[in-house]
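In this chain, residues are counted from 1 in sequence order.
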Amino acid sequence: MTGRRAVLVRRLAQLYIGLALYGLGIALQVASRLGNDPWDTLHQGLARQTGLSIGTWIIIAGALVMFLWIPLRQRPGLGTISNVILTGAFADLFLWLLPDPGPLALRWAYLVAAILVGGFATGCYIGAGFGPGPRDGLTTGLAARGHSLRLVRTGIEVTVLAIGWTLGGTVGIGTLLYAVAIGPLAHVFIPLLKAERSPLVVRHRVEVEFEGVEPVVPEAPVRR
């Protein structure tokens with residue numbers, strides 16, 4: 001196998017392992033019942049109101065968010081499309097497979113595992129370099145139009161969290177812990193899992209900053 005093909009195989013493996021782990025992390029956090037991240041609070045709230053699964057709403061919401069990319073002139077990659085389709089499917093699969101944690105101590109174990117898995121999944125997905133997720137792309141697309149990245153991100157997440165909570169999604173200590181921990185974990189895992197010649201390792205500062213980590217020094221021009 002040539003060096004270039006080996007890099008491609010590694011990147012593809014990272015992409016799909018990352019998406020599977022995203023699904024696992026979502027399932028663990030939802031099953032903990034200690035609080036979801038903002039988007040999954042929305043997905044769970046919609047699921048409770050409609051009878052559709054959380055994973056189904058992850059897919060629907062991701063597809064709808066991608067329509068908002070059109071006026072922002074964002075370009076989806078393989079990772080973007082795969083994210084829309086597979087994250088929700090893996091979340092439903094693991095929600096079905098995971099046993100109910102029962103006692104509070106096990107629920108906390110689920111929550112801690114969810115945060116660690118989410119950090120590692122972020123490193124896998126971003127390191128693979130196949131394009132941002134739909135929600136990340138919306139945030140960076142709006143920021144690229146001259147808006148503050150942090151304000152855009154905060155505005156979007158507060159909005160979806162509030163709507164999700166109103167619809168019956170779970171908000172709690174897990175929501176806060178995930179928000180605090182995911183950035184530092186991504187800061188550890190992204191450099192460790194950076195694939196050679198990956199477009200995302202040279203992505204614009206705002207996309208790295210969005211993940212809550214210090215910017216990576218660009219190695220080449222940004223590719224969209």
Side-chain angles (χ1 to χ4, degrees), residues 17-62 65 83-84 86-126 133-136 138-139 150 153-190 193 210-213:
I17 289 171
L19 292 176
L21 290 176
Y22 271 140
L24 175 59
I26 290 168
L28 285 165
Q29 191 157 0
V30 170
S32 78
R33 304 191 303 279
L34 292 171
N36 305 319
D37 72 86
W39 279 100
D40 291 321
T41 300
L42 175 63
H43 302 144
Q44 186 183 50
L46 289 166
R48 287 177 170 171
Q49 294 298 319
T50 63
L52 297 176
S53 69
I54 291 175
T56 299
W57 274 110
I58 291 172
I59 295 170
I60 293 172
V65 167
N83 186 307
V84 170
L86 293 179
T87 302
F90 280 123
D92 274 352
L93 173 63
F94 287 116
L95 280 168
W96 179 67
L97 290 174
L98 287 171
D100 187 283
L104 182 60
L106 288 178
R107 290 167 59 197
W108 271 97
Y110 268 38
L111 176 61
V112 171
I115 294 171
L116 292 174
V117 167
F120 186 78
T122 299
C124 286
Y125 181 83
I126 292 180
R135 297 155 187 82
D136 294 1
L138 173 64
T139 302
R150 296 189 184 278
R153 178 187 179 185
T154 300
I156 291 174
E157 295 200 349
V158 167
T159 300
V160 299
L161 181 65
I163 295 171
W165 179 73
T166 301
L167 293 173
T170 304
V171 178
I173 187 64
T175 309
L176 177 61
L177 290 179
Y178 187 92
V180 170
I182 193 63
L185 287 171
H187 182 74
V188 171
F189 286 118
I190 290 172
L193 297 169
F210 174 71
E211 297 298 334
V213 300

Which value, rounded to the nearest 0.5 Å, describes the distance between I173 atom CD1 and L34 atom CG?
8.5 Å
What distance do L97 atom CG and F94 atom CZ have between them, rounded to the nearest 0.5 Å?
7.0 Å
d(T87 OG1, R135 CZ) to nearest 0.5 Å is 7.5 Å
Hey, does the side chain of R33 reach the backbone of R107 with a donor-acceptor pair shorter than 3.5 angstrom?
no
L161 CG to T166 OG1 distance, which is reported to the nearest 0.5 Å
9.0 Å
Gap separating the CD atom of Q29 from the CG atom of L177, nearest 0.5 angstrom
9.0 Å
Which pair of heavy atoms, one from P134 and one from G62, lies closest together, and at what distance?
CB-O, 3.6 Å
Do T170 and V30 make a side-chain contact, defined as non-hydrogen atoms from C-beta onward lying under 4.5 Å apart?
no
dist L24:CG -> L19:CG (nearest 0.5 Å) comes out at 12.5 Å
Could you tell me if the side chain of T41 sits less than 4.5 Å from the side chain of V160, heavy atoms only?
no
Kindly say whether G172 contributes a backbone atom to a donor-acceptor pair with the side chain of T175 at under 3.5 angstrom?
yes
Kindly indicate whether the side chain of L185, heavy atoms from C-beta on, has any atom under 4.5 Å from the side chain of I115.
yes
Would you name the heavy atoms of I59 and A89 that are closest together and state the gap between them?
CD1-N, 4.1 Å
Between L52 and L46, is there a side-chain heavy-atom distance shorter than 4.5 Å?
no
How close do G133 and Y125 get, heavy atom to heavy atom, and via which atoms?
N-OH, 3.3 Å
Which heavy-atom pair separates S32 from L111 by the least distance, and what is that distance?
CB-N, 4.0 Å
Do the side chains of L193 and F120 get nearer than 4.5 Å, heavy atoms only?
yes
Got a sec, which residues hit side-chain hydrogen bond (donor to acceptor under 3.5 Å, both in side chains) with D37, two or more places apart in sequence or on another chain?
none
Any side-chain heavy atom of W108 within less than 4.5 Å of one from L104?
yes
Output, in order, the C-alpha distance, side-chain angles, deciding distance and verdict of side-chain contact (heavy atoms from CB on, under 4.5 Å) for N36 and L42.
CA-CA 9 Å; N36 305 319; L42 175 63; over 6 Å; no
E157 (side chain) donor-acceptor with P38 (main chain) under 3.5 angstrom
no
Between A114 and G25 the two heavy atoms that sit nearest each other are CB-O, 3.4 Å
Heavy-atom check, side chain of T139 versus side chain of D136, under 4.5 Å
no
Under a 4.5 Å cut-off applied to non-hydrogen side-chain atoms, are W39 and I156 in contact?
yes
Closest heavy-atom contact between G18 and A121?
O-CB, 3.5 Å
